[in-house]
Amino acid sequence: MRLAREQEVEIRRPPQFRPGERVRATRHIKNDGTYPGREIGENLVRKGEEGYVRDIGTFLQQFFIYAVEWIDRGTVVGMRARELMSLDKADLPCRAEENAKQGTAR
């Protein structure tokens, strides 16, 4: 019997976002105690806010952490990929749309 569920090692793949990329928060992010100067449980980022990826780091040699600068708030908050969506890539057509335009299906 396994005691803990194995998690995928995210850093084996390239990062989902690049520095300078515009992103939107997909969830409310509260301080878990790692953000200095703020109370635990205090909102750091609200769902729907937009910011820019400033830097990329790793956590536990397993996950990417994206340092996102939230311009309206004047803060930088470390976020996971699942908490973000790209606004720069949103305008790009998906592969299915490209294939439909070219008349090919894959």
Side-chain angles (χ1 to χ4, degrees):
M1 177 189 332
R2 287 188 169 157
L3 297 177
R5 183 175 61 131
E6 288 186 33
Q7 295 183 355
E8 182 180 354
V9 178
E10 190 176 285
I11 64 172
R12 290 184 181 157
R13 298 184 317 262
Q16 290 185 15
F17 307 102
R18 298 281 177 217
E21 191 168 338
R22 191 169 61 124
V23 292
R24 177 177 289 145
T26 60
R27 307 171 181 201
H28 294 295
I29 304 300
K30 294 183 178 193
N31 185 11
D32 61 0
T34 58
Y35 197 91
R38 300 282 180 94
E39 294 292 323
I40 293 176
E42 184 178 344
N43 260 342
L44 299 175
V45 179
R46 294 204 177 274
K47 181 178 178 179
E49 289 186 327
E50 296 179 9
Y52 293 87
V53 175
R54 190 173 185 181
D55 196 13
I56 303 170
T58 60
F59 179 66
L60 298 176
Q61 298 178 344
Q62 194 170 15
F63 307 107
F64 287 112
I65 299 296
Y66 300 91
V68 179
E69 185 169 2
W70 303 99
I71 305 297
D72 292 341
R73 289 182 175 267
T75 61
V76 176
V77 178
M79 313 253 316
R80 297 275 311 273
R82 67 178 182 223
E83 299 166 335
L84 300 167
M85 67 178 272
S86 175
L87 294 176
D88 289 343
K89 295 176 187 170
D91 296 334
L92 298 176
C94 70
R95 185 177 298 274
E97 290 174 354
E98 289 176 359
N99 291 339
K101 287 180 184 176
Q102 295 173 358
T104 60
R106 288 188 185 176

To the closest 0.5 Å, what do you measure between [atom1] ([X]) and [atom2] ([Y])?
| X | Y | atom1 | atom2 | value |
| --- | --- | --- | --- | --- |
| I65 | M79 | CD1 | CE | 10.0 Å |
| L84 | I29 | CG | CD1 | 7.5 Å |
| F64 | T58 | CZ | OG1 | 8.0 Å |

Next item on the list: Scan residues 65-84 for pairs that pass ring pair (Phe, Tyr, Trp, His ring centres under 6.0 Å), counting only residues two or more places apart or in two chains.
Entry: F17-Y66
Margin query: Please determine whether residues I56 and V9 belong to a single hydrophobic cluster, defined as Ile, Leu, Val, Met, Phe, Trp and Tyr linked transitively by side-chain heavy-atom distances below 4.5 Å.
Written below: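 I56 and V9: one cluster.
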Quick one: side-chain contact (heavy atoms from CB on, under 4.5 Å) partners of [X], sequence neighbours excluded?
| X | value |
| --- | --- |
| R82 | R27, R80 |
| N43 | H28, K30, R46 |
| R38 | N31, Y35, E42, L44, T75 |
| I40 | none |

Margin query: On a heavy-atom basis, which atom in G20 and which in D88 lie closest, and how many Å separate them?
Written below: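 Minimum heavy-atom separation between G20 and D88: O-OD2, 4.1 Å.
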Of all residues at least two apart in sequence or in a different chain, which pass the side chain to side chain donor-acceptor pair (under 3.5 Å) check with [X]?
| X | answer |
| --- | --- |
| E83 | none |
| E10 | none |
| R24 | E50 |
| D32 | T34 |

Check: CZ of R54: more than 12 outside heavy atoms within 6.0 angstrom?
Finding: no
Note to self: Can you list, by chain and residue number, the hydrophobic cluster partners of I71 when the side-chain cut-off is 4.5 Å?
What the structure shows: Y52
Margin query: With salt bridge (charged side-chain N to carboxylate O under 4.0 Å, His left out) as the rule and sequence neighbours excluded, what pairs involving residues 11-21 come up?
Written below: E8-R13, E21-K89
